[in-house]
2 protein chains.
Amino acid sequence: MSIAKTSQRRADMIVETRAKLMAAGRRAFAAKGYAGASMDDLTAEAGLTRGALYHHFGDKKGLLAAVIAEIDSEIAARLRVIIAQADTAWDAFIDESVAWIEMSMEPEIRRIMLLDGPAVLGDPSGWVGQTACVDSTARSIRRLIDEGLAKPVDPDAAARLVNGAALSASLWIASAEDPRAVSARAIESFLALASGLRKHA
Amino acid sequence: MSIAKTSQRRADMIVETRAKLMAAGRRAFAAKGYAGASMDDLTAEAGLTRGALYHHFGDKKGLLAAVIAEIDSEIAARLRVIIAQADTAWDAFIDESVAWIEMSMEPEIRRIMLLDGPAVLGDPSGWVGQTACVDSTARSIRRLIDEGLAKPVDPDAAARLVNGAALSASLWIASAEDPRAVSARAIESFLALASGLRKHA
DNA sequence: CGCTTCACATACGAAGCGTATGCGAACCAG
DNA sequence: CTGGTTCGCATACGCTTCGTATGTGAAGCG
């Protein structure tokens, strides 16, 4: 071994470069918003130039899309953990939704995925495969219907509605003066709404 | 009369100029999005220059805010008509929500208010007084609670959730291949969710 | 060992935004 | 009626930023 392979392989350097650009992009987009983030600045912060960025991501929107895909998969992983810990299918659905409300209050998710993402890339319905949270909610609802716990609504439609409600709630909470108190009221209302999906209750 | 007053008064010209700029802004923002709309182009289309725009609205965001306020008040007026035509408080609430789902499918409202607005101006919670639709929903819910028809949830919180759900539904519908069919499924799910707000049912 | 490939840098042109300045017509004092 | 001020709007300028076109040097391959 000794000195052998001190120089990383080509492929390794590439993924490292991509990772550095995406990390810088996440920071810049989260801090200044998509429009306010300068590609010269964020590439310099990553120790590179715009040349690298255009080579790997095509254009500014490409970097945003990549960053969003990354954040989305992280969200999906976090939701999976929440769901796995729940005792019943109904609990899983509720816990997941509440977790999503809380996650969308995080500045990075809020700014990049919820505000700039739809404006720049078009609304999320088009982001094929990049909507882990909605997909996850749809799966939970489908499971509820299969188990006879929920009304036989369209799972995808219901998932969109539930996610939209949660999203709107978190935007509201995040900009409130007393997030804790507002959050409690929002979750209470959410539980009431969600109960509308239950079978006979 | 004859030729008298062929020249309008100063104030009249000002409101006309503002109106022309806002109309051109609405068209440009709706057609190309906020970022894609050039101020040189849209002012030229109005027969003016950027000078007039900066004089009246301060900057590009100022024009967007004015356009959004105008659209918002139009929405509020349309919702008032819907509510007035309903027989019961519950019908008013449902009709209003469904109308909002359908309105947010209109390209102008979708692009300007729902996609670009939050990204440029910050999320809507901060647009004091410029959230007629949420306010309207909150009033409807308050009325339901007063009449004992709805659970005693926080009206503002519930209104946000309901509006968010509706908004998400319409974004989804608008980008679907078969809007009619998807719309029906979305509204069915919405009715199920909304039933969660009813008192004992 | 020379040629190709490819990751990335450099250089250039084109918009677009905001501001500073200019102009002309409407109000106002005397 | 006249000289000055206000103000609605246009013109002119600089700066930033994006996208592309081109250059370069190192790794791979015959």
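Each chain gets a letter, A, B and so on, in the order its sequence line appears, and its residues count up from 1. Values below: every heavy atom of this structure, side chains too, minus hydrogens, waters and symmetry copies. Here the structure is a predicted model, which means the values were calculated and not measured.
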In whole angstroms, the gap separating P of D/dG19 from NE2 of A/His56 amounts to 17 Å

B/Thr49 side chain N/O closer than 4.0 Å to the phosphate oxygens (OP1, OP2) of D/dT11? no

Side-chain N or O of A/His55 closer than 4.0 Å to phosphate OP1/OP2 of C/dC8: no

Would you sort out whether B/Ile112 and B/Leu64 count as a side chain to side chain contact (heavy atoms under 4.5 Å, CB included), showing the intermediate values? CA-CA 8 Å; B/Ile112 301 178; B/Leu64 178 65; 3.9 Å; yes

In whole angstrom, what separates B/Asp41's CG from C/dC17's P? 9 Å

Nucleotide C/dA15, atom P - distance to CG of B/Leu42 in whole Å: 17 Å

Out of D/dA10, C/dC17, D/dT20, which has the shortest distance to the side chain of B/Tyr54? C/dC17

I'd like to know if A/Glu45 pairs up with A/Lys32 as an ion pair, taking the criterion as any Lys NZ or Arg NE/NH1/NH2 lying under 4.0 Å from an Asp or Glu carboxylate oxygen. no

Per salt bridge (charged side-chain N to carboxylate O under 4.0 Å, His left out), A/Glu106 is matched among A/Arg111, A/Arg78, A/Arg26 by A/Arg78

B/Leu53 atom CG is separated from D/dC7 atom P, nearest whole Å, by 20 Å

Nucleotide nearest A/Met39 when distance is taken to its side chain, options C/dA9, D/dC7, D/dG19: D/dG19

Ranking C/dA9, C/dA7, D/dC9 by distance to the side chain of A/Ile14, first place goes to C/dA7

Given D/dC9, D/dC18, C/dC17, identify the nucleotide with an atom nearest to the side chain of B/Lys60. C/dC17

Euclidean distance, atom NZ of residue A/Lys61 to atom C1' of D/dG19 [Å, nearest integer]: 13 Å

Just how far, in rounded Å, is P of D/dC18 from CZ of A/Phe57? 15 Å

With a 4.0 Å cut-off on heavy atoms, is A/Ser38 in touch with a base, just the backbone sugar-phosphate, or nothing at all? sugar-phosphate

Would you say A/Ile75 and A/Met113 make side-chain contact, with heavy atoms under 4.5 Å? yes

Stepwise side chain to side chain contact (heavy atoms under 4.5 Å, CB included) test for A/Thr137 and A/Trp100: CA-CA 10 Å; A/Thr137 304; A/Trp100 168 239; 6.0 Å; no

Starting from the 5' end of DNA chain D, give me the residue, A/Ala35 or A/Gly51, whose nearest nucleotide shows up first. A/Ala35

Of the options C/dG18, D/dG19, D/dC9, whose atoms approach the side-chain atoms of B/Thr17 most closely? D/dC9

Look at all strands and tell whether B/Ala37 reaches a base, only sugar-phosphate, or nothing, counting heavy atoms closer than 4.0 Å. sugar-phosphate

Just the rounded figure in Å: distance from P of D/dG25 to CE of A/Met13. 16 Å

Report the distance from atom CZ of B/Arg50 to atom C1' of D/dT11, rounded to the nearest whole Å. 10 Å

Distance only, no hydrogens: is a donor on one side chain within 3.5 Å (strictly under) of an acceptor on the other, for B/Ser170 and B/Glu102? no

Within the 4.5 Å heavy-atom criterion, are A/Leu53 and A/Leu42 side-chain neighbours or not? yes

Just by distance, no angles: are the side chains of A/Lys151 and B/Ser195 close enough, under 3.5 Å, to form a donor-acceptor pair? yes

Where along residues 21-30 of chain B does a heavy atom come under 4.0 Å from DNA chain C, residue by residue in number order? none

Toward the 5' end of DNA chain D, which comes first, B/Leu48 or A/Asp40, by nearest nucleotide? B/Leu48

